[in-house]
Amino acid sequence: MQSWPTPPVPTVPGSPIALSLYNSATREVQPTTPGPVATMYVCGITPYDATHLGHAATYLAFDLVNRIWRDNGSQVHYVQNATDIDDPLLERAERDDVDWRDLAAEQIQLFREDMTALRILPPRDYIGAVEAMDEVSAAVSALLDSGAAYRLDDPEYPDIYFDITATGRFGYESGYDEATMLAFSAERGGDPGRPGKRQALDPLLWRVERVGEPAWESPIGRGRPGWHIECAAIAGNRLGFHIDLQGGGSDLIFPHHECSAAHAEALAALTGVPSGHFAKHYTHAGMIGLDGEKMSKSRGNLVFASKLRYAGVDPMVIRLALLSGHYRSDRFWTDDLLTAAAARLATWRAAFARTGADGSGVVQTVRLALASDLDTVAAIDAIDVWAADQTLGGAEVARAVDALLGIV
Ligand code: 5CA
Ligand code: ZN
């Protein structure tokens, strides 16, 4: 699919600082170690109710990763999917009496416009599940042939499941215990109670055609894929099966990233690539809430980036407001965040226009803060202190804030 336009990214004077990030798989902050081309896969939207501020906050966190890696001298090969066929999308299309394809296309276009307005660097490959159908079914077929997957012994619906024992390390990514995994599986699209599976946590790879549901022709019969295999195939086929980072919100830690990592590792084993963890870092953003609850499609307590834009809010104010909390903390959206960000941005813009040299070292302070697990709170504090000193020049700092925080 078409991605969205790339905003200009200036170079920053001074010395880059290597990025460290929290890794959900090790439960600690660790240095990232990309080569000349850093490889990042961030799970994309399921295209309805886009783009709420929870989505925006998550994509912003990985936009900072992208910007810091570039500052560190790497190119970034960034891949993102759109889950443009899935049960929740079909349910929403039915509820609203629209064609699911039209709903997806319209919501993906809105998402592109929001990402552009928020100055989020686009993925090099923006891939819909529907357009990737052949490669996804080929991946399922390969897993089935290898014995890592099996057909359910169900005469009516012989769906294909992944055997979570195939990689010998299922569970390492989340570190969750069995009871937690079972609970999240049931809550987040899995079917731990379905009879006939080898293990309750085995995830669906291929759903054979049901009457009235969309289905695709494939070597394993007509049907449509499970959720996790889409991301494993789309990421692995473009970035390889050993990538620098897989990202998303914390609600994707399990089952989605655990299962997509297991699928990717089982696929990697088939290619003879030395087996290791799929991603060096599994990094997750905290949940944005509203009025005491997680902002979610199912609750319907959503604030949309586009609604704020249409009401005349400067997208840079939205961006700064979302960056004013740490990406990993669960936090609440309030209108006060917008008010504070608007005042701060006005102060910063006046300071950016000041002539003369900076001399305060603020650019390095910002670099250090961001390199330390994206500490935007410390970075913003340092810029506030700099802006308050009327004797300091603005041009260098403006360039750094544009390149590293994406704010102009
Ligand atoms: N299409 C799948 C991933 S393959 C999906 O999770 N789509 S989504 O539209 O539900 O979410 C898109 C991204 O936004 C995910 O990374 C998800 O973790 C994140 N997200 C959803 N709600 C919130 C929230 N309230 N706060 C922060 N991030 C959120
Ligand atoms: Zn995904």
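This chain uses plain numbering: 1 for the first residue, then up along the sequence. Remember, it's 1-based here, ligands and their atoms both numbered in the order they're listed. Just so it is clear, the structure is predicted and the values come from calculations on it, not from any experiment.
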Polar proximity ligand 1 side, [X] side, N/O cut 3.5 Å exclusive:
X: Gly44; value: yes
X: Leu252; value: no
X: Asp251; value: yes

Open item on the list: With no hydrogens and no angle check, just 3.5 Å: does a side-chain donor-acceptor pair link Trp227 and Asp86?
Closed with: no

Open item on the list: Under 3.5 Å, is there a donor on one side chain and an acceptor on the other for Tyr282 and Tyr172?
Closed with: yes

For ligand 1, which atoms sit closer than 4.0 Å to a heavy atom of [X]?
X: Cys43; answer: 3 (C), 4 (S)
X: Thr83; answer: 1 (N), 2 (C), 4 (S)
X: Thr58; answer: 16 (O), 19 (C), 27 (C), 28 (N), 29 (C)
X: His256; answer: 4 (S)
X: Gly248; answer: 16 (O)

Task: Residue portion contacting ligand 1 (non-hydrogen atoms closer than 4.0 Å) for Thr46 - done: both

Does the distance from a Lys or Arg side-chain N to an Asp or Glu carboxylate O, for [X] and [Y], drop under 4.0 Å?
X: Arg198; Y: Asp163; result: yes
X: Arg67; Y: Asp71; result: no
X: Asp191; Y: Arg207; result: no

Open item on the list: Contact between ligand 1 and His52 is defined here as a heavy atom of the residue under 4.0 Å from a ligand atom; is it met?
Closed with: yes

- [ ] Measure the distances from the heavy atoms of Pro47 to every atom of ligand 1 and state whether one is below 4.0 angstrom.
- [x] no

Task: Selection from Trp333, Tyr59, Phe62 by shortest heavy-atom distance to atom 13 (C) of ligand 1 - done: Tyr59

- [ ] Measure the acute angle between the ring planes of Phe254 and Phe170, then classify it against the limits of 30° and 60° as parallel, tilted or perpendicular.
- [x] perpendicular

Task: Aromatic ring pairing Phe241/Phe278, orientation class (parallel under 30°, perpendicular over 60°, tilted between) - done: tilted

Open item on the list: Quick check on the Zn ion (ligand 2): does His256 put an N/O/S atom closer than 2.8 Å to it?
Closed with: yes

